[in-house]
Protein chains: 2
Amino acid sequence: MTGGLIGPAQAVLMASIARRHYLHGRSKVELAREFGLSRFKVARLIDEARDSGLVRIEISHHGEIDVDLSARLAERFQLVHAIVVDTPEDDAASLRDHLGRAAAQLLGEVITSKDVLGLAWARAVSAMVRALRPLPGTPVVQLTGALALPDGRDTSVDVVRNVAGASGGAAHLFYAPFTVPDAATARALRQQPEVARAFDQLPSVTRAVAGIGLWEPGQSTLYDASSEFDRQELRRLGVCADISGVFLDADGKPVRTELAERTIGINHEQMQAIPEVIAIPYGVARAPAVRAAVRSGLIGGLVTHTALAELLLDDE
Amino acid sequence: MTGGLIGPAQAVLMASIARRHYLHGRSKVELAREFGLSRFKVARLIDEARDSGLVRIEISHHGEIDVDLSARLAERFQLVHAIVVDTPEDDAASLRDHLGRAAAQLLGEVITSKDVLGLAWARAVSAMVRALRPLPGTPVVQLTGALALPDGRDTSVDVVRNVAGASGGAAHLFYAPFTVPDAATARALRQQPEVARAFDQLPSVTRAVAGIGLWEPGQSTLYDASSEFDRQELRRLGVCADISGVFLDADGKPVRTELAERTIGINHEQMQAIPEVIAIPYGVARAPAVRAAVRSGLIGGLVTHTALAELLLDDE
DNA sequence: GCGCTAGCTGCTCATATGAGCAGCCTTGAT
DNA sequence: ATCAAGGCTGCTCATATGAGCAGCTAGCGC
């Protein structure tokens with residue numbers, strides 16, 4: 001025949017063979033015998049059926065999680081874990097709840113008793129902790145000082161204590177603010193025994209959970225808590241994202257800031273040494289910050305929602 | 001872990017691996033290296049992904065033809081060819097046109113110059129012939145006498161002559177009515193040289209095209225053209241279907257009738273000897289006749305529409 | 001008719017794959 | 001603490017599979 005176009009008989013034959021192969025799991029040799037063709041012919045027909053789009057293979061949703069999008073996200077950004085929750089972008093609180101539950105599931109699944117968990121402070125992390133089931137005796141390390149929030153609940157200290165308590169693991173926590181007015185105070189605080197002990201644990205942390213902030217009003221708890229001077233100064237330095245006080249520019253490169261000197265919390269090098277940092281970003285507005293975070297190489301896991309995930313995959 | 005339920009990380013890992021395997025065609029060994037797993041683990045994950053419904057494989061439409069339904073029909077009834085046209089069941093004429101085009105495509109695709117084509121008379125066959133492109137010099141044999149239709153166009157003779165003319169093949173045709181008043185006349189007619197010559201070609205016919213009638217008013221051209229006596233008599237004998245004058249009961253078994261003695265056309269044995277008889281049934285009302293036809297083993301190809309195909313697949 | 005090209009077919013051989021099996025670890029009960 | 005059960009893991013070996021190749025056939029221009 002002409003060869004270019006496939007006729008209906010050919011199409012149906014391909015469909016018939018493809019159906020038995022893919023849906024009933026018959027081997028090509030078997031089908032060759034059955035149809036009186038060589039196994040090569042059968043293989044070619046199956047290939048053609050796939051290439052021509054006659055057979056469509058799709059990875060479907062699995063409950064709330066869009067596994068296909070998750071897999072693509074993980075693949076694209078070389079992530080160890082990616083979870084995309086298929087939830088509409090309602091208000092931030094509901095989003096945090098959904099992502100928090102998913103992150104809790106993820107953590108519950110991957111954490112073993114040999115892990116050491118680091119927890120930074122972020123509202124999404126608090127949401128995760130609320131949904132978290134007891135872990136198998138995992139020690140928990142506090143990564144950042146406490147940030148004064150209007151409601152005053154669920155500080156970094158509470159979060160660490162709760163998780164460790166429920167898990168029966170050691171809690172490495174300290175009482176200190178996230179930022180202080182001058183570098184000297186910060187240095188002094190870092191030498192406090194309990195702070196120093198917690199920080200000594202950092203190299204042993206195997207997994208950590210953090211939020212991602214965008215250096216804009218209302219997009220980062222740290223931004224909102226900072227002085228107008230610091231806000232401007234960091235913007236001037238090109239700060240785009242903050243991951244629990246670790247500042248990055250839009251390309252994900254670390255930015256040295258004077259503010260970091262006045263911070264009681266994990267720094268860039270210490271975070272880089274953690275095998276897997278799981279971030280829980282939400283809200284399409286924060287896309288530039290998330291982009292920076294994944295480019296930085298600091299992030300090994302991402303728990304987010306459909307809209308943001310699609311935005312991340314679209315560009316570049 | 002618990003083992004029963006699969007967590008999100010597991011689900012995403014399965015999706016990720018299944019995606020690369022099915023969509024990008026990577027081998028399991030390759031994926032095992034890439035993910036740092038054993039190839040067995042990869043195989044198990046892929047199996048689980050398929051079994052759990054995470055990967056969905058479907059055979060999709062291909063233009064007008066529902067290849068999946070076609071394949072299922074062919075599989076179920078052991079047909080060499082089955083074409084299901086996805087067209088709504090409008091009026092009979094439009095249905096005939098659609099099926100005629102599909103049948104013409106099928107014939108054009110499968111017929112070679114070594115084939116000998118037999119054509120019975122049916123309105124669907126006429127529709128097919130109108131859509132038929134020239135065949136590669138295929139000889140054409142007339143299978144049935146001419147039936148007087150109101151419009152008088154496209155008799156069995158015309159159909160055969162047209163196809164053979166366009167194809168450049170020999171035309172084995174004869175001028176004789178389909179039915180005559182008595183058996184003696186029929187015998188005499190069959191001995192006419194041109195009739196006999198055409199019938200002598202029957203054993204060499206490799207593919208034939210026919211319609212399927214249901215022995216009910218308005219469901220069979222032959223029924224409508226018969227005397228009231230014959231109508232009743234054949235019904236009494238349990239006739240359900242007629243394939244160009246070959247009568248079958250509801251189970252597809254041949255029914256000997258006196259009417260057959262008065263018919264100038266192919267008989268049951270001769271039809272059974274044809275390697276592939278392609279029928280073009282339409283209209284859900286004729287389902288019982290089509291069922292009988294496929295059960296008879298006479299039919300090797302079926303060109304029909306969605307509603308009828310689904311009806312056939314549903315029962316039993 | 002003669003050669004030419006192009007597409008189709010089925011072969012070989014290295015590689016991938018699946019079924020079944022035995023060791024090991026986890027888990028839970030006594 | 002000890003033991004039993006179950007599940008998970010990675011091995012072996014027979015079989016299935018894919019890439020590339022050479023022969024065959026059909027169609028085509030001269």
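Proteins get letters first, then strands, A, B, ... in listed order; numbering begins at 1 in each.
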Problem set entry | Test salt bridge (Lys or Arg N to Asp or Glu O under 4.0 Å) applied to B:E34 and B:R26, step by step | CA-CA 10 Å; B:E34 198 171 326; B:R26 322 289 291 288; 3.3 Å; yes
In whole angstroms, how far is the [atom2] atom of [N] from the [atom1] atom of [X]?
X	N	atom1	atom2	result
B:K41	C:dG18	NZ	P	16 Å
A:D47	D:dG20	CG	C1'	14 Å
A:R39	C:dT12	CZ	P	10 Å
A:I17	D:dT17	CD1	P	13 Å
A:R50	D:dT17	CZ	P	13 Å
B:H21	C:dG18	NE2	C1'	12 Å
B:F40	D:dC11	CZ	P	6 Å
B:L37	D:dC8	CG	P	15 Å

Exercise. Of the options B:L132, B:V129, B:V140, which is the one that meets B:V159 in a side-chain contact (heavy atoms from CB on, under 4.5 Å)?
Worked result: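 The single option meeting the side-chain contact (heavy atoms from CB on, under 4.5 Å) with B:V159 is B:V129.
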Do any side-chain atoms of residues 98-108 of chain B form donor-acceptor pairs under 3.5 angstrom with protein atoms, and if so which ones, sequence neighbours left out?
{"from": "B:H98", "atom 1": "ND1", "to": "B:S94", "atom 2": "O", "distance (Å)": "3.1"}
{"from": "B:H98", "atom 1": "NE2", "to": "B:E64", "atom 2": "OE2", "distance (Å)": "3.1"}

Problem set entry | Residue pair B:T306 / B:D86, side-chain donor-acceptor N/O under 3.5 Å |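 Looking only at side-chain atoms, B:D86 and B:T306 do form a donor-acceptor pair, the distance falling under 3.5 Å.
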For this session: Ignoring hydrogens and angles, state whether a donor on the side chain of B:T138 or B:D115 is under 3.5 Å from an acceptor on the partner side chain.
Result: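 No - no donor-acceptor pair under 3.5 Å links their side chains.
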Problem set entry | Pair of N/O donor and acceptor under 3.5 Å linking D:dG18 base with A:R44 side chain |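 In this structure, the two groups form no donor-acceptor pair.
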Problem set entry | Gap separating the CD atom of B:E75 from the CG atom of B:L313, nearest 0.5 angstrom |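 Spacing of CD (B:E75) from CG (B:L313) equals 10.0 Å.
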Problem set entry | Residues touching DNA chain D, which here means a heavy atom under 4.0 Å, drawn from residues 26-34 of chain B |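 Within this stretch, nothing sits under 4.0 Å of the strand.
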